[in-house]
Amino acid sequence: MSPSPMSPLAGRTVVVSGVGVGLGHQVAAAVVRDGGNAVLGARTEARLAKSAAEIDPAGARTAYRVTDIRDEGQCEALAGLARERFGGIDAVVQVAAWDSYFGGVEDADFTTWQSVLDVNLLGSLRMVRACLPALRARGGAVVFIGTQSAVAAPSQVRQAAYAASKGALTSAMYSLARELGPHRIRVNSVLPGWMWGPPVQAYVRFTAQSEGVAEDEVLGRLAGRMVLPELATDGDVADAAVFLASDRARAITGQSLLVNAGELMR
């Protein structure tokens with residue numbers, strides 16, 4: 001079915017990096033739901049194919065290419081696919097990240113920290129830079145997925161490298177917003193807190209098994225930290241990202257939007 005001309009992303013093309021089983025998939029699905037074309041990138045082809053088939057069985061409004069954001073050539077190839085298939089790029093939602101390295105500074109392996117920074121900071125900027133020629137042609141939006149941990153470290157887990165890399169990305173977002181604004185390119189960040197999706201589901205299972213308690217008890221502890229009585233979901237975060245990618249956010253740039261059920265307010 002063709003999108004309605006009134007759909008927020010009707011006729012728009014959005015590059016989405018980091019499409020797997022969680023947030024990246026939800027972002028791409030929301031793009032197609034809202035009338036856009038989604039160009040998917042991730043390191044695993046099987047996940048890309050599965051995601052595209054679920055989102056757009058006919059294949060008319062999705063395209064995908066294996067992309068490791070540590071490789072500038074692969075980022076450029078994904079941007080090139082968007083131009084070849086759909087004629088341009090209107091937005092980039094940069095989801096791909098390394099979030100599985102845990103620990104603090106005292107026990108840090110700084111070689112691994114450098115790798116985390118290479119993915120989460122420099123990889124994100126590589127992906128955006130690859131899309132800039134197409135974005136400059138007609139204006140558009142860049143949306144980074146950050147983390148609440150960049151502004152308020154959680155007490156349940158230690159992810160100092162991840163938080164630092166995403167904090168650096170948020171700082172880069174402010175500079176990019178000013179640099180690209182004259183080209184009518186908006187740059188914003190979405191900062192999720194505890195987000196109900198595959199990573200948090202795995203955390204709840206692991207914690208429940210480790211403590212010998214029910215999963216609902218662990219989930220209840222997390223939900224009890226929120227002003228709203230439940231966690232945000234990866235779908236909620238995807239909706240925020242797609243809003244910022246659309247013209248409904250045409251006057252919003254240089255902003256960080258917390259999507260966290262009110263756990264942190266600022």
Side-chain angles (χ1 to χ4, degrees), residues 8-9 12-18 23-24 26-28 30-31 34 36 38-39 41 69 75 79 82 88-97 99 116-153 162-193 195 232 234 236-266:
L9 292 174
R12 304 301 177 89
T13 296
V14 182
V15 173
V16 184
S17 72
L23 179 58
Q26 294 294 334
V27 171
V31 168
D34 286 356
V39 180
I69 61 172
C75 293
I89 299 172
D90 297 285
V92 183
V93 181
Q94 168 55 32
V95 182
D99 62 358
V116 172
L117 285 161
D118 187 39
V119 174
N120 295 349
L121 174 61
L122 299 180
S124 297
L125 298 177
R126 287 185 196 102
M127 189 68 254
V128 169
R129 185 164 70 175
C131 296
L132 281 182
L135 286 171
R136 283 198 191 97
R138 54 197 191 194
V142 173
V143 182
F144 292 120
I145 302 298
T147 175
Q148 177 179 288
S149 299
V151 294
Y162 178 66
S165 65
K166 290 292 193 171
L169 182 61
T170 299
S171 293
M173 177 271 292
Y174 295 124
S175 295
L176 268 178
R178 190 163 297 279
E179 177 183 350
L180 301 181
H183 302 286
R184 297 186 182 277
I185 300 171
R186 298 174 291 104
V187 188
N188 294 287
S189 294
V190 177
L191 308 183
M195 177 180 65
D234 52 8
D236 295 323
V237 175
D239 284 343
V242 168
F243 162 70
L244 289 171
S246 77
D247 279 353
R248 290 179 174 174
R250 63 180 296 274
I252 301 174
T253 196
Q255 304 300 318
S256 296
L257 176 61
L258 284 160
V259 182
N260 63 0
E263 181 184 11
L264 173 71
M265 302 183 191
R266 47 194 302 270

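When reading the values below, keep in mind they use all heavy atoms of this one structure, side chains included, and skip hydrogens, waters and symmetry mates. As the structure is a computational prediction, the values presented were derived from the model and not from experiment.
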(message) Contact between V16 and V95 at the side-chain level, heavy atoms closer than 4.5 Å - yes or no?
(response) yes
(request) Would you give the length of the straight line joining atom CG of L125 to atom CG of L132, rounded to the nearest 0.5 angstrom? (result) 10.0 Å
(request) Answer whether the closest heavy-atom distance between the side chains of M173 and L176 falls below 4.5 Å. (result) no
(message) Strictly distance-based, threshold 3.5 Å: is any side-chain N or O of Q26 a donor or acceptor partner for the main-chain N or O of G24?
(response) no
(request) Evaluate the side-chain proximity of M195 to D234: yes if any heavy-atom separation is below 4.5 Å, no if none is. (result) yes
(request) Kindly give the heavy-atom pair with the smallest separation between D239 and A30, and that separation in Å. (result) OD1-CB, 4.2 Å
(message) Could you tell me if the side chain of T170 sits less than 4.5 Å from the side chain of L191, heavy atoms only?
(response) yes
(message) Check whether R12 reaches the backbone of G36 with its side chain - one donor and one acceptor, N or O, closer than 3.5 Å.
(response) no
(message) Can you give me the closest heavy-atom contact between A28 and A38, atom names plus distance?
(response) O-CB, 4.0 Å
(request) Please tell me if the side chains of M127 and V15 come closer than 4.5 Å, counting only heavy atoms from C-beta onward. (result) yes
(message) For the backbone of I252 and the side chain of N188, can you confirm whether one donor and one acceptor N or O come within less than 3.5 Å of each other?
(response) yes
(message) Rounded at 0.5 Å granularity, tell me how far CG in L169 sits from OG in S124.
(response) 4.5 Å
(message) Using every non-hydrogen atom in the two residues, find where A245 and A91 come nearest and quote the distance to one decimal.
(response) CB-CB, 3.9 Å
Output side-chain donor-acceptor pairs under 3.5 Å for residues 134-141, partner residues at least two apart or in another chain, one line each.
unit_1	atom_1	unit_2	atom_2	d
R138	NE	D90	OD1	3.0
R138	NH2	D90	OD2	3.1

(request) Report yes or no: does N120 contribute a side-chain atom to a donor-acceptor pair with the main-chain N or O of A97 at less than 3.5 Å? (result) no
(request) Give the minimum heavy-atom separation between V143 and A241, together with the two atoms involved. (result) CG2-O, 3.8 Å
(message) Could you measure the distance from the CZ atom of R129 to the CG atom of L122? Nearest 0.5 Å is fine.
(response) 10.0 Å
(request) Return yes if some donor-acceptor pair links the side-chain N/O of R186 with the main-chain N/O of L244 below 3.5 Å, else return no. (result) yes
(message) Working to the nearest 0.5 angstrom, can you tell me the gap between S256 OG and F144 CZ?
(response) 10.5 Å
(message) Which heavy atom of A96 sits nearest to which heavy atom of Q94, and what is that distance?
(response) O-NE2, 3.0 Å
(message) Would the distance check show the side chain of K166 and the main-chain N or O of I145 forming a donor-acceptor pair, the cut-off being under 3.5 Å?
(response) yes
(request) Mind listing the closest non-hydrogen atom pair of I69 and V119 along with its distance? (result) CD1-O, 3.4 Å
